[in-house]
2 protein chains.
Amino acid sequence: MYYFFYLLRIVKSDFIKNWDTQLRKGLLPLFVLHIIQRKEQYGYELIVELKATASFEVTESTIYPMLTRMTKDGLLQSRWVEQGSGIPRKYYSLTPEGKKKLKEMKQVIQRLFTNLSEL
Amino acid sequence: MYYFFYLLRIVKSDFIKNWDTQLRKGLLPLFVLHIIQRKEQYGYELIVELKATASFEVTESTIYPMLTRMTKDGLLQSRWVEQGSGIPRKYYSLTPEGKKKLKEMKQVIQRLFTNLSEL
DNA sequence: AAGTAATACATCGTAATGCGATGTATTACT
DNA sequence: AGTAATACATCGCATTACGATGTATTACTT
């Protein structure tokens, strides 16, 4: 079964698809921080939100490690919120450091925009 | 010696710097194909050109493997050109497949632009 | 004459990261 | 009883930028 999916990936290996992945890899952290800044988010909510507002389709195995990473890097802080029923949610918000970094990132993007517009 | 540089990288590990790398990772192939389409290029020339026209600083250990990869993927073709003196140059140009892919990539970027502008 | 820098090719190993597969638990719908 | 949605999480693979390193030629500098 594993092997089947492995073969499938080899066969479907497409330059554009691969490139697209790399591109998202770069832009995703920006979108994530931006959305969290607007409003405190929990992981699952963020996945839905990314798809809705940025047409960015990501899976849980992308988002959860990323949120953990950003927390470890001091950009995010989290708190558990018990629900009346169901699984508790882990809400993430920006730390002051996170807000500062987001601002820096937007400046970098701004500069890249300029270069890109020439092409 | 190796270990020293390894430590150095750990210490200087910065979220923004790392993110910037990922971002370039996504945009670089686009710039490379774009520049080669305008005019046939050899590796060393391309490095200089990227810095001059796109403020994109890359090293040889990024560009040479990338050109090899793109050739293997059928996007580029190469030919050796002997110089009157010095080391021969390997010139790269777009294959028809490469031109088609570049067009697709520009469309993807266009779409991402739209999403980005909202932020 | 010797040393450095620029030009020109290339490869190795490490770090980083998206994503598919997989697992667990709860609730709601069919 | 079975499927789907909600909500968390980890493992392992594939991809790729980049520092370090190597080789060869030519030009400039001390």
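Proteins come first, then strands; the chains are lettered A, B, ... in the order of their sequence lines, and each starts at number 1.
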Rounded distance in Å - [atom1] ([X]) to [atom2] ([N]):
X	N	atom1	atom2	answer
M70(B)	dT15(D)	CE	C1'	13 Å
W19(A)	dA17(D)	CH2	P	13 Å
K17(B)	dT17(C)	NZ	P	14 Å
L30(A)	dG18(C)	CG	P	13 Å
M66(A)	dC19(C)	CE	C1'	12 Å
L23(A)	dT15(D)	CG	P	18 Å
K25(A)	dC19(C)	NZ	C1'	10 Å
D20(A)	dT15(D)	CG	P	16 Å

Taking it one step at a time, do L67(B) and I36(B) satisfy side-chain contact (heavy atoms from CB on, under 4.5 Å)?
CA-CA 11 Å; L67(B) 290 172; I36(B) 294 179; 4.0 Å; yes
Who are the salt bridge (Lys or Arg N to Asp or Glu O under 4.0 Å) partners of K90(A), not counting sequence neighbours?
none
Which other residues belong to the hydrophobic cluster containing Y44(A), where Ile, Leu, Val, Met, Phe, Trp and Tyr are joined when side-chain heavy atoms lie under 4.5 Å apart, directly or via other members?
Y42(A), V48(A), Y64(A), V81(A), Y91(A)
Between E49(A) and K39(A) (salt bridge meaning N to carboxylate O under 4.0 Å), is one present in this structure?
no
Salt-bridge criterion met for E45(A) and R89(A) (N-O under 4.0 Å)
no
Report the base-pairing partner of [N] (Watson-Crick or G-U wobble, both distances below 3.5 angstrom), or none.
N	value
dG22(D)	dC9(C)
dA16(C)	dT15(D)
dA28(C)	dT3(D)

What nucleotide, of dT15(D), dA17(D), dA16(C), holds the atom closest to the side chain of R69(B)?
dA17(D)
Under 4.0 angstrom between T62(B) side-chain N/O and dC18(D) OP1 or OP2:
yes
Would one find a side-chain N or O of N18(A) under 4.0 angstrom from OP1 or OP2 of dG18(C)?
no
For W19(A) and G26(B) the tightest heavy-atom approach is NE1-O, 2.6 Å
Donor-acceptor check, side chain of T95(A) to backbone of L75(A), threshold 3.5 angstrom: yes or no?
yes
Footprint string (nucleotides 3-10 of chain C, 5' to 3'): B base within contact, S backbone only, - free, heavy atoms under 4.0 Å
---SBBBB
Taking the nucleotide of DNA chain C with the closest heavy atom to each, which residue, G84(A) or P65(A), is nearer the 5' end?
P65(A)
